Amino acid sequence: MGFFDKLKRGLKKTNEETFGKIKKILSFGKLDEDTLEEIEEILIMGDVGVECSERIIESLQERKKEFDSPEQALQAIMVEMLDGERELNYPSEGPFVISVVGVNGAGKTTTIGKIAKILKNNGKEVVLAAADTFRAAAIDQLRVWAQERAEVTLISHQHGADAGAVAFDAVQHAKSKNKDCVIIDTAGRLHTKTNLMNELAKVHKVVKKVIPEAPHEILLVIDATTGQNGLMQAEKFAEAVGVTGIVITKLDGTAKGGIALSIKERFGIPIKFIGVGEGIDDLKPFDPNDFVNALLQETEDE
Amino acid sequence: MFENLQEKLSKAFKSLKGQGKISEKNIKEAIRMVKMSLLEADVNYKIVKGFIAKVKEKAMGEEVMKSLTPDQQFIKIVNDELTKLMGEKTEKLKFVHRPSYLMMVGLQGSGKTTTAAKLSRKLKSEGKKILLVAADVYRPAAINQLEVLGEEIGVDVFAGDRKNALKIVEDTQELAVKKNVDCVILDTAGRLHIDEKMMDELESIKKMVNPDEILMVIDAMIGQDALTTAKSFNERLEVTGFVLTKLDGDARGGVALSIREETGKPIKYVGVSEKTDGIEEFHPDRMANRILGMGDVLTLIEKVEQSVDQEKAKEMEKKFKKAQFTFDDFLDQLKQIQKMGSLSSILGMLPGANKIKNLDVDESRLTRISAIIQSMTKKERKNPKIINYSRKKRIASGSGQPLSEVTRLLKNFEDMKKMMKKMNKGSFKGLKGISGGGFPF
């Protein structure tokens, strides 16, 4: 069963049913070494990582008395870690500019198509900026989303053109035509490539020439299958351009996306959306409760 | 996160050196560190547990080298095991049929299309005629992407009706024969291993073309779920190998260990850039190092190991300079060389040596020379001048070699010593002797 099915099921089920193995482990009420190791195993297998898992277990030991049961404690601690502001940072006026960034293959373009659809459904006029001028046919890919699926405006230049110029034109266009939102599709880049990270900062700088506060939202897209390297990605992208939110994609597979918990815990960057399929409606707002339930529930089926 | 680990390491290694044998107790800290390190590299939790248990069992009771701590020695054993596990050698692609079909499969965003182009370029440069087939009809513009890449590298791209993957593959078969290509590379759509319908599609394609290679493309940044995915793809399709992509980032790539241990299938290539030439053969030893992430410690251990040999080498150098080189020393050298591997492979590693023709060194001669030296008495080895005719005859029969071989070795050995003297006097004219067969072998 995929992770998203579990997410969905988690919504329907009561807390009592959702925990599976964790519940069994903790129902003995004792937190002995074996129990803790089993919890650690579940967390690490969910890509939460060693450090963050250790921190969760420490809190569990310290705070178990505040709760009725250890499983409640564990869930509450993890939900708390994930809690925080998740609303999009809409500006009070002028076009709302979102820049979508991330490593190659994370799912940026697909995510942009889906966000465009959500915004359009909310009655907004949306402009997409095809600023991935590097990858072959990336512009075509975004065009299909813009024209055939979300039915929004696309601003694009030639393959190989200056990414900043595309972003500038799109924001300028939105401003002059009184459109509501601009979403910038940037090229995938590994966070270790300094020149490409600098280029990304330059794209944002160019946008600021039109709207000084833009981009209002910088979303880092992270593939749910990502392991501990996700921490490096978050760190480097935050350093280079600032990141206001995380989108976890591909949660419809068996990966649990626990790295997002690590990222939130370490850098305080909130998770705003989750991607759960290739369809245009498969982007959902992030819900910490469902996410934690699904993450802890996993092992019961294995 | 990482500095932290190094700190912990150096702390742990302050403990006593050369503590006799490896025991459960004196490697406790090392086990914890190795475990942490492997998990941080995203090696699957279950694989880590199994791997460490296996190595621990192997290491128990082993003698600890003088200048190492038991912890260090354990880490060295882990690294050796890891290297062994990753595969001893680089595995090549197989071409059985003609045209030979190669299928690229994997999750979305792992890098199949880029890798397909890279492989085509590489195989083309090796003189093969390639046909690239775009069978990803699902991701918008995936076909365009392959067409653009194909044009860039000068390889034909076929996309048939651009709508039905099975139909495209079916039409490919006729075309491939007509075009008389050596190899067809099929780029398939990314899919989840739990998507039954999509996995069925791959199975059908496999049945149609009977591929020589099914390569699963995996992102090096993948976490714990790698095991599940690789296992599912392998069970369903029997993949022939893996390509690990995006290794130009800083991911430690623990997935390499997980998939190798789980499926036993080799990693054949790694992707190291976005450009179409960014593909390299997989080097197991480098990967082991990267996963373990204990570079400093390993370097230290290597140095300790080398220093043992270095002392010997220094001694040898002294003797060399004084031209006091004896047959015993020579025998030592022969053993060292034989330990290192075959002579031709060593020579092959030397820069420029591949340009030298007739590189075949008669390795059986080394064995024969060893036999001759071993048939000499201690006195004779130290002072070959005393070897007269009757001694020669004794040595020849003792080693089972003809008398002429013994004479030749003695002559060459004397020449070599003369040359050493010349070199030490600063005259390098004598070096000419080398190419003229001045060395005893």
Side-chain angles (χ1 to χ4, degrees), chain A residues 1-3 5 40-42 44-47 49-51 53 103-107 109-110 113 134-145 148-149 159 187-193 223-233 236 249-250 252-259 266 277-278, chain B residues 1 4 35-37 39-46 48-49 107-114 117 138-152 190 192-195 218-229 232 245-246 248-255 273-274 276:
Chain A
M1 185 189 295
F3 188 83
D5 295 316
E40 188 193 52
E41 174 176 342
I42 289 164
I44 288 175
M45 291 286 282
D47 287 319
V50 178
E51 264 197 32
S53 299
V103 297
N104 317 65
T109 308
T110 308
F134 180 79
R135 180 165 61 90
I139 300 168
D140 297 334
Q141 187 180 348
L142 193 66
R143 182 175 294 122
V144 173
W145 280 102
E148 292 168 26
R149 301 188 176 182
H159 175 75
R189 66 200 76 218
L190 289 178
H191 51 288
T192 48
K193 311 229 154 148
D223 185 327
T225 61
T226 309
Q228 297 312 297
N229 193 250
L231 282 172
M232 316 270 192
Q233 292 173 26
K236 294 292 177 202
T249 57
K250 309 182 199 174
D252 47 335
T254 48
K256 288 146 225 155
I259 189 63
R266 171 90 66 99
E278 286 178 314
Chain B
M1 174 165 50
N4 212 347
K35 190 179 151 190
M36 286 263 290
S37 193
L39 287 174
E40 271 164 7
D42 293 315
V43 180
N44 184 276
Y45 189 86
K46 286 175 181 157
V48 170
K49 267 180 118 173
L107 297 174
Q108 290 97 337
S110 52
K112 285 174 298 303
T113 307
T114 309
Y138 307 97
R139 178 163 60 92
I143 294 177
N144 305 25
Q145 186 184 349
L146 197 65
E147 283 171 340
V148 172
L149 291 171
E151 194 168 328
E152 187 192 314
L192 287 168
H193 51 293
I194 50 169
D195 190 333
I218 296 192
D219 187 325
M221 296 181 280
I222 196 168
Q224 296 287 317
D225 199 48
L227 195 71
T228 319
T229 1
S232 307
T245 58
K246 307 178 203 174
D248 44 336
D250 56 359
R252 301 252 303 274
V255 53
S273 90
E274 288 183 78
T276 49

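Just so you know, these numbers come straight off a predicted model, no measurement behind them. The chains referred to below are lettered A, B, ... by the order of the sequence lines, with proteins before strands, and numbering in each begins at 1.
Under the 4.5 Å side-chain criterion, counting only non-hydrogen atoms from C-beta, B:Gln224 is in contact with A:Ile44. Side-chain contact between A:Arg149 and B:Pro140 is present, with at least one heavy-atom pair separated by less than 4.5 Å. The side-chain heavy atoms of B:Asp250 and A:Asn229, taken from C-beta on, include a pair separated by under 4.5 Å. Residues A:Thr225 and B:Leu107 form a side-chain contact, since some pair of their non-hydrogen atoms from C-beta on lies under 4.5 Å apart. Considering only heavy atoms from C-beta on, B:Glu274 comes within 4.5 Å of A:Asn104 through its side chain. The shortest side-chain heavy-atom distance between B:Met221 and A:Leu190 falls under the 4.5 Å cut-off.
Scanning both residues, B:Glu40 and A:Gln228, for their nearest heavy atoms gives O-CB, 3.5 Å. Across all non-hydrogen atoms, the minimal contact from B:Leu192 to A:Asp252 is CD1-OD2, 3.4 Å. Shown here for A:Thr192 and B:Gly249, the closest heavy-atom pair between the two residues is OG1-CA, 3.5 Å.
Here the straight-line distance linking atom CD1 of B:Ile143 with atom CG of A:Asp140 works out to 11.5 Å at 0.5 Å rounding. Atoms CD and CG, from A:Glu41 and B:Leu39 in turn, are 10.5 Å apart once rounded to the nearest 0.5 Å. To the nearest 0.5 angstrom, B:Gln108 atom CD is 4.5 Å from A:Glu278 atom CD. Between B:Asn144 atom CG and A:His159 atom NE2 the span is 12.0 Å, to the nearest 0.5 Å.
For a residue to count as touching a neighbouring chain, one of its non-hydrogen atoms must lie under 4.5 Å from one of that chain's; by this rule A:Arg135 touches chain B with the side chain only. Contact of A:Lys193 with chain B is made through the side chain alone, with heavy-atom distances under 4.5 Å. Of the atoms belonging to A:His191, it is side-chain heavy atoms, and not backbone ones, that fall under 4.5 Å from chain B. Looking at B:Asn44, only its side chain comes within 4.5 Å of chain A, counting heavy atoms on both sides.
Note on B:Asp225, B:Thr229, B:Leu227: by heavy-atom pairs under 4.5 Å with chain A, the leading option is B:Asp225. Note on B:Val148, B:Leu149, B:Asp248: by heavy-atom pairs under 4.5 Å with chain A, the leading option is B:Asp248.
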